[in-house]
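Note: hydrogens, waters and symmetry copies are ignored here, and every other heavy atom, side chains too, is used. All figures in this text were calculated on a predicted structure; none of them were measured in a lab. In what follows, every chain begins at residue 1, and chains take the letters A, B, ... in the order their sequences are listed.
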Amino acid sequence: MKEFSKSYDPKRVEDKWYQFWIEKGYFHADENSPKTPFSIVIPPPNVTGSLHLGHALNNTLQDILIRWKRMDGYNSLWLPGTDHAGIATQNVVEKQLKAEGTDRHTLGRDAFVKRVWQWKEEYGGRIIHQLKRLGASCDWERERFTMDEGLSKAVREVFVRLYEEGLIYKGDYIINWCPRCRTALSDLEVEHEETHGKLYYIRYPLKERKKSIIVATTRPETMLGDTAVAVHPEDKRYKGLVDKNVLLPIAERLIPVITDSFVDQEFGTGAVKVTPAHDSDDFEIGLRHNLPALKVMDEDGRMNNEAGKYKGQDRFECRENLLRDLRAGGYIEKIEDYTHSVGHCYRCMTAVEPYLSKQWFVRMKDLARPAIEAVREGKIRLIPKGWENSYFDWMLKIKDWCISRQIWWGHRIPAWHCEDCGGITVDRVAPVECRHCKSNNIKQEEDVLDTWFSSSLWPFSTLGWPEDTKELRTFYPTTALVTSFDIIFFWVARMIMMGLKFMGDVPFRDAYIHALVRDSEGQKMSKSKENIIDPLVMIDKYGTDSFRFTLTAFASQGRDIRFSEERVEGYKHFCNKIWNASRFVFMNIPEDFRPQTPDSRLLTLPNRWILSRLNHVIREVRKSLEDYRFNETASSIYQFIWHEFCDWYLEMAKPALSGDGKEKEETLNCLTHILDISLRLLHPFMPFITEEIWQYLPDRNSESITIAEFPEEISDYSNPRAEEEMSVLTAAIIGIRNIRGEMNISPSLELNALIRTKEDRTNEILQRNLLYIEKLARAHDIRIGKDIQKPRMSATTVSEGMEIYVPMEEILNVDSERSRLKKDLEKLEKDMALLSKKLTNEDFLSKAPKEVVNKDRTKYSTLAEKVKRLKDSIEKLKLMEKEAAL
RNA sequence: GGGCGGAUAGCUCAGCCGGGAGAGCGCUGCCCUUACAAGGCAGAUGUCACAGGUUCGAUCCCUGUUCCGCCUACCA
């Protein structure tokens, strides 16, 4: 046997094998392969990002699928890459510049973009390295970046086509504006948060009379841009005021009172100030009534010229000053506490300002329709299915998508404005003249596209689109997408729309949506909360395999994950268990051993049993993987390896191994075979330890477990009879152990035991497997038979079909034996009472399915028999006590 | 405002089609039994949030309530 350390040390094996796999090119998918393709595109992490638990879960699950399918004979492609993450990346570099005492405007656009590229080359690959430590078997030769030339070409192509079809337009609308990032945001990029604010009631006096109208607002500073006050047309309170002018306080401007049925009479005073340039509802009202839109803020959230004396003040600073002035002028009617939700920029958490500006939009309705259909018709499955509802909800109410961003890092919009005629020319390559007036005086649009615009093309842009490539034809549509629910709308929905539009087919068949990883308190992890658990720390501490297995075991459908480090430690123990079980196997394999696949016929009971269980676990693993029930797979394998293979089988294999001849050879074959198959089953979950151990196996038929075959069921191995016999055998062993345990008898003390059987078959099974009982229960001189009599001074266990006596002579503590038996008896009698109630119920007997009734009847009679024998035992104890007293 | 999900052992969570309430960790007792003390064997622990309903039978299906979390919305 080769060197095999006493415990598993991940550090010594992980890098070595990852290196080996890369060198051998196992992760590379061949677009010309005749094998059935199985493809996944990675949700591209932000190039600024570093691996967090969410990534770790996401990529572990993808790796499981990919490794499984690769082993299962598919042409398995996992396409990796990163996302340029416009705002986030720009922010990072801007922060650097600030530290250097400069900014992007000083640098200029070209120099700035160059600088970001530099940053990307230097630091951008971090997360990729981290994915490798996770064991991710991505096809690194195909790594993509959303700003690659090829992907940029796809972006331009899509933009031009959508524009030409009228699905992209430019116009003045209210958008979400982040005054810190100084850019527009889409609706999705705004995070709403409940905020305790105030509702200010402000009096707007009428010009002519002494009356006034009171409006309520949460953002008083916007009143400087009011161009009307609106009331509901049927609101009797304001009948006389409609069409009159009111004097806007402070600004000293006259604005009209108008009617619009949008106004809710119940809210506030039923009168609304209308600020078309700073509120989306007001903007709509403004359009309906032809109101001017007056912007009172600049792009950085400071008040502009229109704000008069507040010019240059920050919007919140202005709010305070304005309120003071209003109060001084007697314009404040009242101020109420008010809780409402305020939008924040999802990148910098600054309060977003609804802001009128000229932006580019994608018309969504027509794109959404087929995307809804695709899911409805089952061309795409969202798993778990529950997500389909929110998908439909959002898609049915979809609004146009604001895609222009006022930043520099990103795909610059391929549109050129004519300085002469004002026309727009949109093209794939830079035009030399205006399409409308032929002027050469044209300038490219300054804005770049929303990062999610390029991400939405990811499943086909990464495969070479718009070229008609072999890769596209082979791997599109991709088979599965694995992602987290928080980007269903951002990304999943948009990929579906774009895929259908430009490829004429869905981008993926299955979208598996997994949960969010939280900390052990259920809090979302965030830097500010300082509750971040770093995956790399976990990996260093416990090894990649235990970490991956933990995530997998947690990945049940439908609930958020509360990560706990103790669990990782538990699975580290599991790794060690696997390691030592393997160590045991290798200790027993002779140097020149050539394993044979075990024959299902000639074997000992433990051998037949473990093969049957093996077959069972293979079935479970395959089934649960097909269904994306990763946690179930994890628990099946865990259960099999630890509790069936290690706890029972290895112990039972020991007698055969210490012997010689046929049984030993069979057992060696079984051991090797089970280990081999278990490792292969486990490999997608624990790639490193399985490879390390697998390489010790004699006679492997592949140079790496990565490309070994994934186990398939062997129905020959299924053996219900062996399983049943085994359950009789284990019942006897457990019975004896139970006495030992409950009577606190040291394991080093060998017991003597008698087993009284009820039936010949039980008798025969136990006789035939006597050796195992002796060995596993640490007992000797065991006598088995139908007419065994209970010895005096013995402890008893009653189990199904047998009674077990352990003679204890003077060491028997009668009191504790009696309380033991009584405790068992109580439990059984309770169960029996419940069953009896059921079985005397006419309705149950007539209406419940026959199988259920029969099952309960059998159960009842078994219980009744056990109860009877327990009572006998207790009687005998009493008798014994009496005798002793005499 | 609308919608979704959760509430099961001390902790973290499984429990797919209604018929035995489970795992891991922790806890208690006995043990270094020649693969593993990162281990073995044995053991204790539950009004399956609450109240109704459907059913022969409900942790599971229906209705309502409470608490927690999330998503979504034109709550001035």
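- In this structure, CD1 of Ile202(A) is placed 11 Å from C1' of A76(B), rounded to the nearest angstrom.
- In this structure, the side chain to side chain donor-acceptor pair (under 3.5 Å) partners of Tyr542(A), at least two apart in sequence or on a different chain, are Glu565(A).
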Pairwise N/O distances under 3.5 Å, protein to nucleotides 6-10 of chain B:
| residue | atom | partner | partner atom | Å |
| --- | --- | --- | --- | --- |
| G6(B) | O3' | Arg559(A) | NH2 | 3.4 |
| A7(B) | OP1 | Arg559(A) | NH2 | 3.2 |

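- Under the ring pair (Phe, Tyr, Trp, His ring centres under 6.0 Å) criterion, Tyr638(A) pairs with Tyr571(A), Phe574(A), Trp642(A), not counting sequence neighbours.
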B/S/- contact track for nucleotides 28-41 of chain B, protein heavy atom under 4.0 Å: -SSS-B-BB-BSSS
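- Look at the P atom in both G57(B) and G19(B): the space between them is 15 Å, to the nearest Å.
- The separation of G10(B) from G5(B), taken at their C1' atoms, amounts to 25 Å, rounded to a whole angstrom.
- Residues Val568(A) and Lys541(A) are not in side-chain contact: their nearest non-hydrogen atoms beyond the backbone lie 4.5 Å or more apart.
- Residues satisfying the side chain to side chain contact (heavy atoms under 4.5 Å, CB included) criterion with Glu194(A), sequence neighbours excluded, are Thr339(A), Ser341(A).
- One can place CZ of Phe489(A) at 13 Å from P of C4(B), the figure rounded to the nearest angstrom.
- Looking at Glu817(A) and Arg820(A), a side-chain N of the basic residue comes within less than 4.0 Å of a carboxylate O on the acidic one, giving a salt bridge.
- For Leu776(A) and A42(B), the CG to P distance is 10 Å, given to the nearest whole Å.
- Sorted by first and then second residue, the side-chain hydrogen bond (donor to acceptor under 3.5 Å, both in side chains) pairs with a member in residues 643-658 of chain A read Asn607(A)-Tyr649(A), Arg613(A)-Glu644(A), His643(A)-Asp647(A), Glu651(A)-Lys654(A); sequence neighbours excluded.
- Contact between Val229(A) and Val246(A) at its shortest, heavy atoms only, is CG2-CG2, 4.0 Å.
- Glycosidic conformation of C62(B) is anti; the angle lies outside 90° of 0.
- Protein atom CD1 of Ile488(A) is 10 Å distant from nucleotide atom P of U72(B), rounded to whole Å.
- Residues Thr222(A) and Asp279(A) have side chains not in contact (no heavy-atom distance under 4.5 Å, counting atoms from C-beta outward).
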From CA spacing to verdict: side-chain contact (heavy atoms from CB on, under 4.5 Å), Leu291(A), Ile258(A): CA-CA 10 Å; Leu291(A) 299 171; Ile258(A) 58 169; 4.1 Å; yes
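- Judged as a side chain to side chain donor-acceptor pair (under 3.5 Å), and not counting sequence neighbours, Ser556(A) has no contacts.
- Looking at every heavy atom in both residues, Glu632(A) comes nearest to Ser624(A) through CB-CB, 4.1 Å.
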Report, one line per pair, each donor and acceptor closer than 3.5 Å where one atom sits in a side chain of residues 391-400 of chain A; sequence neighbours left out.
| residue | atom | partner | partner atom | Å |
| --- | --- | --- | --- | --- |
| Tyr391(A) | OH | Ala371(A) | O | 2.8 |
| Asp400(A) | OD1 | Met364(A) | N | 3.1 |
| Asp400(A) | OD2 | Tyr169(A) | OH | 2.6 |

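- Along RNA chain B, the nucleotide nearest Lys855(A) and the nucleotide nearest Gln557(A) are compared for position; the residue whose nucleotide lies closer to the 5' end is Gln557(A).
- Among the protein residues, Val215(A) comes within range of no part of the nucleic acid, since none of its heavy atoms lies under 4.0 Å from any strand.
- Here the separation of A49(B) from A58(B), taken at their P atoms, is 15 Å to the nearest Å.
- Across the C1' atoms, C48(B) and A23(B) are found 16 Å apart, a figure rounded to whole Å.
- Taking atom CZ of Arg319(A) as the reference point, atom C1' of A76(B) lies 13 Å away to the nearest angstrom.
- Taking 4.0 angstrom as the limit, Arg567(A) places none of its side-chain polar atoms (N or O) nearer than this to OP1 or OP2 of C13(B).
- Side-chain contact between Ile745(A) and Met808(A) is present, with heavy atoms from C-beta onward closer than 4.5 Å.
- Comparing Tyr638(A) and Glu632(A) against RNA chain B, the residue whose closest nucleotide sits nearer the 5' end is Glu632(A).
- Rounded to whole Å, the P atom of A21(B) lies 15 Å from the corresponding atom of A44(B).
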Heteroatom pairs (N/O) under 3.5 angstrom, protein to nucleotides 56-59 of chain B:
| residue | atom | partner | partner atom | Å |
| --- | --- | --- | --- | --- |
| C56(B) | OP1 | Lys847(A) | NZ | 2.9 |
| C56(B) | O2' | Asn841(A) | ND2 | 3.1 |

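- Contact annotation for Tyr571(A): no contact, since no heavy-atom pair falls under 4.0 Å across all strands.
- Nucleotide A42(B) holds its P atom 14 Å from the CG atom of Leu751(A), rounded to whole Å.
- Residue contacts shown for Lys198(A) are absent, as no nucleic acid heavy atom lies under 4.0 Å away.
- Contacts of Ser582(A) classified as side chain to side chain donor-acceptor pair (under 3.5 Å), with partners at least two apart in sequence or in another chain: none.
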Worked check of side-chain hydrogen bond (donor to acceptor under 3.5 Å, both in side chains) between Ser636(A) and Glu620(A): CA-CA 7 Å; Ser636(A) 297; Glu620(A) 280 187 346; 3.0 Å; yes
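- In the displayed structure, Glu336(A) atom CD is contacted under 6.0 Å by more than 12 heavy atoms of other residues, nucleotides or ligands.
- At a threshold of 4.0 angstrom between heavy atoms, the contacts of Thr218(A) are confined to the sugar-phosphate backbone, with no base atom among them.
- In this structure, NZ of Lys397(A) is placed 8 Å from C1' of G3(B), rounded to the nearest angstrom.
- Straight-line distance between the P atoms of G69(B) and C27(B): roughly 31 Å, to the nearest whole Å.
- G26(B) and C11(B) have their P atoms separated by 15 Å, given to the nearest Å.
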side-chain contact (heavy atoms from CB on, under 4.5 Å) evaluation trace for Lys859(A) with Asp856(A): CA-CA 5 Å; Lys859(A) 218 187 285 175; Asp856(A) 281 352; 3.6 Å; yes
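- Spacing of C1' atoms, A9(B) relative to C25(B), comes out at 12 Å, to the nearest Å.
- Atom NZ in Lys334(A) sits about 14 Å away from atom C1' in A76(B), given to the nearest Å.
- Taking a 4.0 Å limit (strictly below) on heavy-atom distances, residues 383-391 of chain A does not reach RNA chain B anywhere.
- Here the side chain of Lys827(A) is nearest to one of A42(B), A44(B), C75(B), namely A44(B).
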Dot-bracket pairing map - RNA chain B, Watson-Crick plus G-U, both contacts under 3.5 Å, | cross-strand: (((((((..((((.....[..)))).(((((.......))))).....(((((..]....))))))))))))....
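- Between Phe485(A) and Trp387(A), the angle of the ring planes stays under 30°, which puts this pair in the parallel group of the 30/60° scheme.
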